[in-house]
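Per chain, numbering begins at 1; letters A, B, ... match sequence-line order.
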There are 2 protein chains.
Amino acid sequence: MERGRGALGPALALVHTGRAPTRAVLTAELGVTRATAGAVAAELEALGLIQVDPHPIAAAGSQGRPSHGLSIAPHGPVVLAAQIHADGFRAALVGLGGRMVATAPGCMTVPADPARIIDAVVEAGAELLRATRRRCLGAGLAVPSAVAEPDGTALNPLHLSWPTGAPVAELFSEALAKSGVLGPGGTPVTGVAGNDVNLAALAEHRHGAGRGARHLLCVATGHRGVGGALVVDGRVHSGSSGLALEVGHLTVNPAGMPCHCGSRGCLDVETDPLAFLTAAGREPGPAVSLLQQSRDLLRSEYADPTVREAAELVVDRLGLGLAGLVNILNPDRIVLGGLHRELLEADPERLRAVVADRSLWGRSGSVPILSGTLDHNSLIGAAEAAWQPVLDDPLAALG
Amino acid sequence: MERGRGALGPALALVHTGRAPTRAVLTAELGVTRATAGAVAAELEALGLIQVDPHPIAAAGSQGRPSHGLSIAPHGPVVLAAQIHADGFRAALVGLGGRMVATAPGCMTVPADPARIIDAVVEAGAELLRATRRRCLGAGLAVPSAVAEPDGTALNPLHLSWPTGAPVAELFSEALAKSGVLGPGGTPVTGVAGNDVNLAALAEHRHGAGRGARHLLCVATGHRGVGGALVVDGRVHSGSSGLALEVGHLTVNPAGMPCHCGSRGCLDVETDPLAFLTAAGREPGPAVSLLQQSRDLLRSEYADPTVREAAELVVDRLGLGLAGLVNILNPDRIVLGGLHRELLEADPERLRAVVADRSLWGRSGSVPILSGTLDHNSLIGAAEAAWQPVLDDPLAALG
DNA sequence: TGACTTTGTGCCGACGCTAAACAAAATACG
DNA sequence: CGTATTTTGTTTAGCGTCGGCACAAAGTCA
C-alpha cells in the first residue's frame with residue numbers, strides 16, 4: 001500500500017548531502033522506479049523534512065520534461081549541536097543539509113566540573129530553541145577528548161582539566177532533560193557525544209572537502225596534541241570501543257622531544273601548535289590560544305627564515321606521520337584541520353612530496369591532501385551525529 | 001510465494017561459521033519467524049549447500065520439542081583454494097565450514113614468472129577436482145604480497161622475485177579457464193587473489209581464534225617482513241585500494257637497523273625471523289626457511305640466555321608496534337601468526353604487558369592477544385574469499 | 001498419562017516494491 | 001506553428017516476501 005518505506009532513509013541522506021537535487025536524480029541514485037521515488041519524496045515532504053518545488057526546474061540544455069527540484073525544508077526541524085573546546089563553548093541549531101540556523105558562542109573558562117559547562121552549553125541551545133520555536137529532533141556534543149563507546153565517557157580531556165572518564169553523554173542528556181528540550185514524542189531528547197575530530201571528519205565528508213571519498217582520513221591539531229579520524233563509507237571508523245585513530249603517538253622524530261606516553265618524538269609533541277611556536281623560537285603567550293598564535297605567526301611572518309624553517313620542520317614531521325597512517329589505513333583522501341591545514345596551505349607541495357616519498361605506495365598513486373572547507377566543522381559534525389537516527393529511519397525518529 | 005530469499009545469504013553464513021547448529025538457533029539469529037527460517041533451511045538444503053538432519057537433536061537438558069540439526073552438506077560444492085609462499089605452493093579443495101576436502105602440496109622453487117607457478121598451482125587444483133568430481137563454485141589465491149584492488153595486481157612480491165604489478169588475479173582466472181575449471185553456468189570460474197595475511201585473518205575470524213571479534217587485528221611474520229590485517233564486522237578492511245595494514249614500517253626502535261623504506265628500526269626489520277636469528281647471533285642457513293630456523297631455535301634452545309634475550313628483545317619491539325596499532329585501530333582482539341605466534345607462546349605475559357603499557361588506553365581495558373589456531377589459515381582464507389559471493393547471495397551464485 | 005514447553009508447518013494478509021500504461025511538460029524539427 | 005520526441009510524474013494492477021496466527025508434532029516434567 002504505502003510505497004517507499006525502505007528507501008526513506010537513503011533518500012533523505014541523498015537530499016541531505018546534496019546528491020539528489022531533483023526527483024529524477026533521486027530515482028537514479030536510489031535505483032528504484034519513478035513511482036517509488038515519487039512516493040518517497042512525497043512521504044518526506046509530508047514529514048516536513050524536504051521540499052518538492054512546485055514548479056519544475058529549468059533544465060539546462062537537456063530536452064524532455066524537466067524534473068522537480070528537491071531541497072531541505074527551510075523551516076523544518078533542527079538538531080541541537082554543541083562544541084566544547086579549550087577556550088569555551090558554542091551552541092547552535094543545525095538543520096538538514098548542514099545549515100546552521102542559529103548559533104550562540106559562549107566564551108568561558110572551562111570549569112573542572114564537566115557538568116557545569118555542559119549545563120551552560122545546553123541552556124544556550126535551549127534558549128535558541130525557545131527563540132526560534134523550531135522542533136528539535138536530536139542533540140550532539142563535540143568534545144576535545146577521546147570518547148569511549150558505548151557509554152560515552154571522555155577519557156583524556158587533557159586541556160580541559162576534567163576528570164578522566166567523565167560521563168559526558170550522560171551529563172549531556174541529563175542537561176537536555178533539565179532544560180526541557182523535548183523531542184517528537186514529548187520525551188526529552190537524548191544527546192550523543194563524540195570526539196571533535198571524529199565529528200569534524202564526518203562533517204567534512206558529508207558537506208565539505210571529504211565529499212565523495214570512500215576512505216577519508218582527517219588529521220587536525222587545535223591546541224595541544226593531534227587528533228585523527230577515519231570515515232569509511234560514510235561512517236566514522238571509531239574502532240571497537242570508540243578509541244581508534246589515536247594518532248598522536250606515532251613516532252615521527254626518533255631523536256625528538258620526550259612525550260608523556262613514554263616515547264620520544266611523537267606526532268603530538270612534534271607537530272602541534274606549541275611544537276611549531278617552540279621550533280620558531282617564540283615563547284607562547286597567555287593571551288590568545290596557541291592555535292591563534294601559530295596561525296598569526298605563520299600568516300604574517302612566513303617570510304622570516306626562522307619561521308619558514310620551523311614550518312618546514314613541522315611539515316616534514318607531519319608528512320612522516322601521515323605517511324605512516326597512509327600505510328596503515330590506505331585512505332583515498334586526506335583532509336587537514338587546524339594548524340595542519342595552515343601548514344598545508346603555506347606550502348602544499350612540500351607536504352605532498354614528503355607523504356608520497358615516505359608512504360610505501362606513494363609513487364604508484366599518491367593520496368590527495370586537502371584543507372578542511374567547513375567553518376565549525378566539529379559543530380556541524382555534532383549535528384550530523386544527532387541527525388543520524390533520522391537519516392537511518394525517518395519514520396521511527398519522527399514518531 | 002517463496003519465503004526466505006532475503007535471508008538466504010545470512011543464514012548460510014551462520015551455518016558456515018557454526019553459529020547456527022539448529023533451526024531454532026537459526027530462527028533466533030536471523031531474527032525472523034520460524035516459518036521463514038524453515039523455508040530458508042529448506043531452500044539451502046534444496047540447493048545442496050546444507051543438510052537438515054532428519055532426526056532431531058537430543059536436546060541437552062532443555063525441555064520442549066528438540067530442534068533439527070543443521071550442518072554443511074558433506075558432499076556439497078567446494079571452492080579451489082591456493083597459496084603461494086616463499087617455499088612453493090599449495091592447492092586444496094575447501095568446502096563450506098572451512099573444511100579441507102583435498103589438498104596437494106607442491107614444493108617448487110618459485111619462478112620469476114608468476115604465470116608459471118600460477119599455472120602449476122591451478123593445474124594441481126584442477127587435478128583434485130577431477131579426482132573428487134566435486135562441483136566448483138569459486139577460486140581464491142593467497143600471495144605473500146600486497147594486492148591492489150580492484151585490479152588484483154601484486155605490488156611488492158619481494159621474496160618471490162616477481163615483477164611489481166604482476167596481475168595475479170587475472171593470471172589466476174586465465175589459468176582456471178585454461179585448466180577447464182568450470183562453474184555452475186558452465187563458464188570458467190573467475191579467481192580472486194588476496195594478500196596472505198589478509199586472508200589468514202579472514203579465516204581466523206570465521207573459523208579460528210578470531211571468532212566473535214568485531215575488530216580483529218592480525219599480525220604475522222613468515223619469511224621476511226611483517227604483515228597485518230584488520231577484519232571489521234566480518235570483512236577485511238583493505239582500505240581504499242587494498243593496500244591498508246601495511247604495518248611493517250612502524251618505527252619500533254629509533255636507533256635500530258636501517259630499512260629499505262628510508263627509515264630505521266621498522267617493525268619489518270626488527271621483528272621478522274631474520275631479525276630474531278640475527279639478535280640471537282645465529283647465521284641463517286640456506287637449508288630450511290627462516291621461519292623454520294627461528295621456530296626450531298625458539299623451541300629447542302629457549303633455555304639459552306642468548307636466545308631468550310633475543311626473543312625478549314623482539315617481543316618488546318613487537319609490543320611497541322602492536323601498541324601503535326592498537327592506538328590507531330582500537331581492535332578488540334589481536335591474533336598473531338608465524339614467528340610472532342611462537343614468540344607469544346614462549347612468553348605470553350611479557351608481550352601482553354608491553355602492549356598494555358604502551359597503548360594509550362591499555363590500562364582501562366587491555367586487548368586480548370591470542371595465537372592463530374588454524375593450520376593453513378591463508379589457504380582457508382583464500383577459500384573464504386572464494387565463497388564470499390555464495391555467502392552474499394546463494395541463489396545468484398548457483399543459478 | 002496428562003500438562004507443559006518448545007519446535008515445525010500451512011494459510012492468510014499486509015507491506016513494499018516492480019511493471020506497464022498513461023498523462024504531462026519541456027525541446028527538436030520541419 | 002504544429003507535431004514528433006524525449007523525459008518526467010502518476011495511476012493501477014500485480015507479485016514476491018515476510019509476519020501473524022492457528023495447529024500439529026515431539027519432546028520433558030510431575
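Checked by atom type and distance alone, the side chain of A:S238 never pairs as donor or acceptor with a backbone atom of A:A244 at under 3.5 Å. Under a 3.5 Å cut-off, the side chain of B:E45 and the backbone N or O of B:V52 do form a donor-acceptor pair. With hydrogens and angles disregarded, no donor-acceptor distance shorter than 3.5 Å links the side chain of B:T17 to the backbone of B:R206.
As judged by a 4.0 angstrom heavy-atom cut-off over every strand, A:G6 is placed among residues touching the sugar-phosphate backbone only. Backbone-only engagement by A:A7 is indicated by non-hydrogen atom pairs under 4.0 Å involving sugar-phosphate atoms exclusively.
Rounded to whole Å, the distance from CG on B:L30 to C1' on D:dG19 is 14 Å. Atom pair B:L70:CG and C:dT7:C1' shows a separation of 13 Å (rounding to whole Å applied). Atom CG of A:L26 is separated from atom P of D:dT10 by 13 Å (rounded to the nearest Å). Atom CG of B:L8 is separated from atom P of D:dG16 by 16 Å (rounded to the nearest Å). Rounded to an integer number of Å, the gap from CD of A:E43 to P of D:dG9 is 18 Å. Spacing between atom CG of B:L395 and atom C1' of D:dG16 amounts to 13 Å, rounded to whole angstrom units. Atom CZ in A:R3 sits about 14 Å away from atom P in C:dA20, given to the nearest Å. Between A:E45 atom CD and D:dT10 atom P the separation is 10 Å, expressed in whole Å.
Each of A:N377, A:L199, A:L370 was evaluated against A:E204; a single residue qualifies, A:N377, per the side chain to side chain contact (heavy atoms under 4.5 Å, CB included) test.
Checking D:dA13, D:dG9, D:dG19 against every side-chain atom of B:T36, the shortest atom distance belongs to D:dG19. Side-chain proximity of B:R34 to the nucleotides C:dA19, C:dG8, C:dG16 is greatest for C:dG8. For A:H68, taking side-chain heavy atoms from C-beta onward, the closest of the listed nucleotides D:dT12, C:dG8, D:dG9 is D:dG9.
Applying the 3.5 Å distance criterion, the base of D:dT10 shares no donor-acceptor pair with the side chain of A:R23.
The phosphate of C:dG8 has OP1 or OP2 within less than 4.0 Å of a side-chain N or O from B:S67.
Nucleotides of DNA chain C nearest to A:V32 and B:V25 differ in position, and the one nearer the 5' end is that of B:V25.
A side-chain donor-acceptor contact under 3.5 Å links B:N330 and A:S241.
For B:T33, the side-chain hydrogen bond (donor to acceptor under 3.5 Å, both in side chains) criterion is met by B:T36, not counting sequence neighbours.
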TODO: Take nucleotides 1-6 of chain C nucleotide by nucleotide from the 5' end and write B, S or -, depending on whether a protein heavy atom sits under 4.0 Å from the base, only from the sugar-phosphate, or from neither.
DONE: ----BB
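The aromatic rings of A:H16 and A:H207 stand perpendicular to each other, their planes meeting at an angle above 60°, with 30° marking the opposite boundary.
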